[in-house]
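Because the structure is a prediction, the values reported are computed rather than measured. Numbered from 1 within each chain, the chains take letters A, B, ... in sequence-line order.
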There are 2 protein chains.
Amino acid sequence: MATGRTHRPATRSRGIPEATVARLPLYLRALTALSERSVPTVSSEELAAAAGVNSAKLRKDFSYLGSYGTRGVGYDVEYLVYQISRELGLTQDWPVVIVGIGNLGAALANYGGFASRGFRVAALIDADPAMAGKPVAGIPVQHTDDLEKIIEGNGVSIGVIATPAGAAQPVCDRLVAAGVTSILNFAPTVLSVPDGVDVRKVDLSIELQILAFHEQRKAGEEAAAETAAVTLTPKEAGKGPDGDVPAVMPA
Amino acid sequence: MATGRTHRPATRSRGIPEATVARLPLYLRALTALSERSVPTVSSEELAAAAGVNSAKLRKDFSYLGSYGTRGVGYDVEYLVYQISRELGLTQDWPVVIVGIGNLGAALANYGGFASRGFRVAALIDADPAMAGKPVAGIPVQHTDDLEKIIEGNGVSIGVIATPAGAAQPVCDRLVAAGVTSILNFAPTVLSVPDGVDVRKVDLSIELQILAFHEQRKAGEEAAAETAAVTLTPKEAGKGPDGDVPAVMPA
DNA sequence: ATGTCTTTGTGAACGCGTGCACAAAGATGG
DNA sequence: CCATCTTTGTGCACGCGTTCACAAAGACAT
């Protein structure tokens, strides 16, 4: 997973636990697939398998939404799709701005998963004057100078930050000041925001590092022995065990 | 956060809790920034603030790695950078292949955060013959037919899937069969893999949906009343409360 | 109508993660 | 060498999330 929520200490948002909310989109996707195949009903066991979770967990998750199943039969697919969509707020239109139209920003603008779920890319914003006016994914890029005007003019409440790390916090501040209250951050930085603003972070490099950790464990239980041998105390280690600190650069 | 680990029930990987492992990259980034500013030592309080976590949590996290701090002083920045890097397996070279060179795949290939932490993009693979040979981020794209050869020839153990949803599982199967044991999945699908293979998922659309949920709650506590009124049982609801099921499309 | 069989919904136990609060450790100054 | 002050490392308690296991509920056949 990318990394979890930043702000919000674990507040359950009306009886619905955060962990459940995070799984609802997963269920929704599986249900949508079933709906396309015109499957009328599905059991918790089948749906859980499709979503890759435990069936008891799925039932408990749904129980937070209400009793939408029929014992002995299962859940009505169409009805459940609607209920989850409504619960997630996907029945309304969410205008979104993407700030930072580099490789990643452009990829996001072109990403089908955005437009397909009630999320509408209202504007693309970049600080590079040379980008201004250029169409990306059919939408002309606008300059950062007009950020506030764009946010307020379109009633945007969700912003996506895909800028370099250094630009993220200033951009974030301007977005929040202009009225954005939810931010999806792709920049490798910790954003600080006032209370009431939600930030979710997606960090590609962190995900890889977590994989590397597990990979390392799988690779060498025996090879780890030699590396583990060099465990010195700070005082003894002048500049690192094997003479030099390994080259690690900022993400 | 993107979404968490898929497989692996919560196995702590040698006394080090998963939650801690997930935070190590965060600490590492903050420490690297300090290192660049030539800051010699840092207290748990300062570092925690920079990483956006609780200081007690940070100290406990570090305690799993060993006693690397000095009471009354703090932690030696350089030494800690090295210890965390080593723990995460970042002191070695990890060849990575990216499969699916669309908008996202290209963005990933160009993403600096990959190359900068011991991750080396060993190959780019795409199913489109027209892409073959074209350089992306300075690396020529190779055809899917050669996937096994590429994996085995370069000793690749980490694969990144950035294909459309439909192609993800077949690609995953081939990667695993060829020897890949860690997968970072950007396709909006649940991948099934044999035991011993780690899968982490990054799902852009799910992150937005979670934001939308909280946004909806913030937006309307009062407007929610009218929507909440239409809570029928499946039997009563013929085809959905207000006559029609809202248009929701697959991600 | 009654019995059987399937599947939901949930009570309860357990385990992990978090955060408080404090004692131990060491640095620093006199 | 002793006192003071800072900061680490951790014991402990609490709460969330997960999972098991089962009773209640309803469909369906006879």
- Task: Establish, with yes or no, whether the OP1 or OP2 oxygen of dG17(C) is under 4.0 angstrom from a side-chain nitrogen or oxygen of Asn54(B).
- Result: no
- Message: Rounded to whole Å, please give me the gap between NZ in Lys57(A) and C1' in dC14(C).
- Response: 15 Å
- Query: Reading nucleotides 3-11 of chain C 5' to 3', which nucleotides get B (base under 4.0 Å from a protein heavy atom), which S (sugar-phosphate only), which -?
  - Reply: ---BBBBBB
- Query: Centroid-to-centroid, Tyr68(A) to Tyr79(A), below 6.0 Å?
  - Reply: yes
- Side chain proximity check, Ser182(B) to Lys218(A), heavy atoms < 4.5 angstrom: yes
- Can you check the Leu58(B) CG to dG19(C) P distance for me, whole Å? 12 Å
- Message: Testing the 3.5 Å rule here: is there a donor-acceptor pair between the side chains of Thr91(A) and Arg86(A)?
- Response: no
- Message: Hydrogens and angles aside, do Glu78(A) and Ser35(A) bring a side-chain donor and acceptor to less than 3.5 Å of each other?
- Response: yes
- Query: Can you check the Ile16(B) CD1 to dG17(C) P distance for me, whole Å?
  - Reply: 12 Å
- Message: Using the side chain to side chain contact (heavy atoms under 4.5 Å, CB included) definition, which of the options Asp61(A), Thr32(A), Leu80(A) pairs with Tyr27(A)?
- Response: Asp61(A)
- CD1 on Ile206(B) to CZ on Arg200(A), rounded to 0.5 Å: 9.5 Å
